[in-house]
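What follows is a short report on a single structure.
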Amino acid sequence: MNAKPRGRQFFNNPGPTNIPDRILRAMDRPVIDFMSEEFVAIHHACHNGVKRVLKTDQNLFMYSSTGHGAWEAALANLFSPGETVLMVETGYFSESWTEMANHLEIKVETIPADQRKGADIARIAERLAADKEHKIKAVLTVHNETATGMVLPLSEVRRAIDEAKHPALLLSDTISSLASMEYKMDAWGIDLTVGGSQKGLMLPTGMSLTGVSNKALEVSRKSKTPRHYWSWEMMTGRAPQKFVGTAPVHMFFGLQESLKMLEEEGLDAVFARHARLAEATRAAVRVWGSDGKGPQLFCQNEDRLSNSVTAVVMPEGVSSDPMRKAAIDRFNLSLGGGLGKMMGKMFRIGHMGDLNEPMLLGCLATTELAMKASGVPFVPGGVDAAIKSLSA
Ligand code: PLP
């Protein structure tokens, strides 16, 4: 039992995700000078490629950091201590971003939501309409809440802001939707997009980014929050690489390959693949819980189901820990767990990034195996339902 399991680990966490061999190989090369013409050209190509993925013609800043760094860069550049922002509750990640804003002494008002059904956009419109003095500087959103497997319709949020004739910026965290699900920064009127390297971009963890609208860049000039590493002004002064410090050249070698892969497949085909794999996953879960006693989809809003992650809530009184432990220790399948108050109460299947049908079916079959091995009640036949969905 203690022997190291053979074969590949099936990695179905909702981030980080599988790093394709092509990207690993692209990164497996000697270092180059980050001031060299060669690197400047790679940086330039990556910069333009990421803007194509974000669907923006505006500004982009990339950081050597996790997504938390890009969150902090967004807050520090845009707001001053004491200013107010409106956070749309989605789950663990809207709560974590709120906590960070509080630490930076930014006041956060929350639009509360039933996390299984999603926020009511009308409440955002109402709150903004009531803010006659325009104290609210921005609406902060998590496009795809990785903790709940639910999407927020950003174009509707933009419409709510416009209909209230409110000047608030619209910020969006796309960490778990970027390059997995449709995202249109400029067309949806997003002023700031937060992204990370380790999900749809299929890279190691460690690089993050912010797409910044011209309006947001203008606003950033007035922020009184002290900043240095995250400062867009500092970064702009370090053009062409725009890095405060040594640029992580290997991350860019990987990013160049990732962008090549996304563009070879075509972004629309990438989104369609994720939609197909997500629907098959949901088909399996619906069977597992079809008697009302097994695991269920956490998201109860059919219009807001995520195509990059499926959150599965356990039956009342059954912990997800033993089945996740069986999955990883006995069968070498890594699944996500519940976060925050959902710890032990759910498991999450990541189906984003470098994934195909056999990988997903392997994951779903092994999830059934782990549920059986750990005594979780479920209706068998989920894998059959997934196969039916994939072959339709
Ligand atoms: N936002 C979302 C939606 C996420 O899924 C995550 C991580 O999973 C984060 C923010 C934080 O990113 P990181 O862990 O790279 O700091």
Side-chain angles (χ1 to χ4, degrees), residues 11-19 50 54 61-76 85 87-104 108 113 115 118-119 139-154 157 170-183 185 190 192-211 229-230 248 251 254-255 258 274 278 298-299 304-311 334-340 342-343 346-353:
F11 197 83
N12 281 85
N13 266 276
T17 62
N18 295 294
I19 305 173
V50 170
L54 291 177
F61 298 95
M62 290 189 253
Y63 319 89
S64 254
S65 80
T66 66
H68 276 73
W71 267 357
E72 186 152 342
L75 298 175
V85 299
M87 178 72 75
V88 181
E89 177 180 347
T90 49
Y92 180 80
F93 289 104
S94 68
E95 289 158 7
S96 303
W97 206 6
T98 297
E99 187 186 17
M100 179 186 277
N102 286 331
H103 287 155
L104 295 180
V108 184
Q115 294 185 7
V139 178
L140 274 56
T141 63
V142 176
H143 179 219
N144 187 67
E145 175 53 77
T146 325
T148 63
M150 199 178 301
V151 189
L152 190 69
L154 293 177
V157 179
L170 176 54
L171 275 58
S172 146
D173 167 340
T174 65
I175 288 186
S176 61
S177 54
L178 189 68
S180 298
M181 291 157 61
E182 182 167 75
Y183 189 76
M185 175 164 162
I190 312 290
L192 182 130
T193 301
V194 171
S197 55
Q198 75 272 26
K199 302 203 197 252
L201 292 176
M202 307 171 285
L203 294 167
T205 309
M207 194 152 78
S208 65
L209 58 97
T210 48
Y229 181 72
W230 307 120
M251 291 299 281
L255 179 57
S258 151
H274 283 83
F298 183 79
C299 174
R304 297 201 186 169
L305 289 159
S306 166
N307 283 342
S308 64
V309 51
T310 296
S334 181
L335 293 167
L339 298 173
M342 292 310 291
M343 209 169 271
M346 66 156 67
F347 64 93
R348 292 174 303 139
I349 301 175
H351 32 76
M352 67 183 98

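All values reported here derive from a predicted model rather than from experimental measurement. First listed ligand is number 1; within each ligand, the first listed atom is number 1.
- The aromatic rings of W97 and W71 sit parallel to each other, their planes meeting at less than 30°, with 60° as the upper class boundary.
- Between L104 and E72 there is a side-chain heavy-atom pair separated by less than 4.5 Å.
- For atom 6 (C) of ligand 1, the closest non-hydrogen atom on the protein side is F93 CE2, 3.2 Å.
- Contact atoms of ligand 1 toward T146: 2 (C), 3 (C), 4 (C), 5 (O) (distance under 4.0 Å to a heavy atom of the residue).
- Remark: ligand 1 and S176 share no N or O pair separated by less than 3.5 Å (distance only, no angle test).
- At under 3.5 Å, a nitrogen or oxygen of H68, whether backbone or side chain, sits near a nitrogen or oxygen of ligand 1.
- Considering backbone and side-chain atoms together, D173 places an N or O closer than 3.5 Å to an N or O of ligand 1.
- Applying the 4.0 Å criterion to heavy atoms of G67 picks out, from ligand 1, the atoms 12 (O), 13 (P), 15 (O), 16 (O).
- Counting heavy atoms from C-beta on, the side chains of M251 and S197 come closer than 4.5 Å.
- Side chains of L201 and L255 form a contact here, defined as non-hydrogen atoms less than 4.5 Å apart.
- In terms of N/O distances under 3.5 Å, ligand 1 is approached by Q198.
- Near K199, meaning under 4.0 Å from one of its heavy atoms, ligand 1 places the atoms 5 (O), 7 (C), 8 (O).
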Problem - Verdict with reasoning, M352 to S176, per side chain to side chain contact (heavy atoms under 4.5 Å, CB included) - result: CA-CA 8 Å; M352 67 183 98; S176 61; 4.2 Å; yes
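- Which parts of ligand 1 touch N144 is read off a 4.0 Å heavy-atom cut-off, strictly below it: atoms 3 (C).
- Without hydrogens or angle criteria, H274 side chain to G353 main chain gives a donor-acceptor distance under 3.5 Å.
- Among I175, L178, V142, V309, the residue whose heavy atom lies nearest to atom 10 (C) of ligand 1 is I175.
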Practice task
Start with the C-alpha distance between V194 and I175, add both sets of side-chain angles, then the distance that settles side chain to side chain contact (heavy atoms under 4.5 Å, CB included), and finish with yes or no.
Solution key: CA-CA 6 Å; V194 171; I175 288 186; 3.9 Å; yes
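- When heavy-atom distances to ligand 1 are checked against a 4.0 Å cut-off, W71 comes that close only through its side chain, counted from C-beta outward.
- Close approach of ligand 1 to T66 (heavy-atom distance below 4.0 Å) involves ligand atoms 13 (P), 15 (O), 16 (O).
- Side chain of R348 to main chain of T310: no donor-acceptor pair is present (N/O by atom type, distance under 3.5 Å, no hydrogens or angles).
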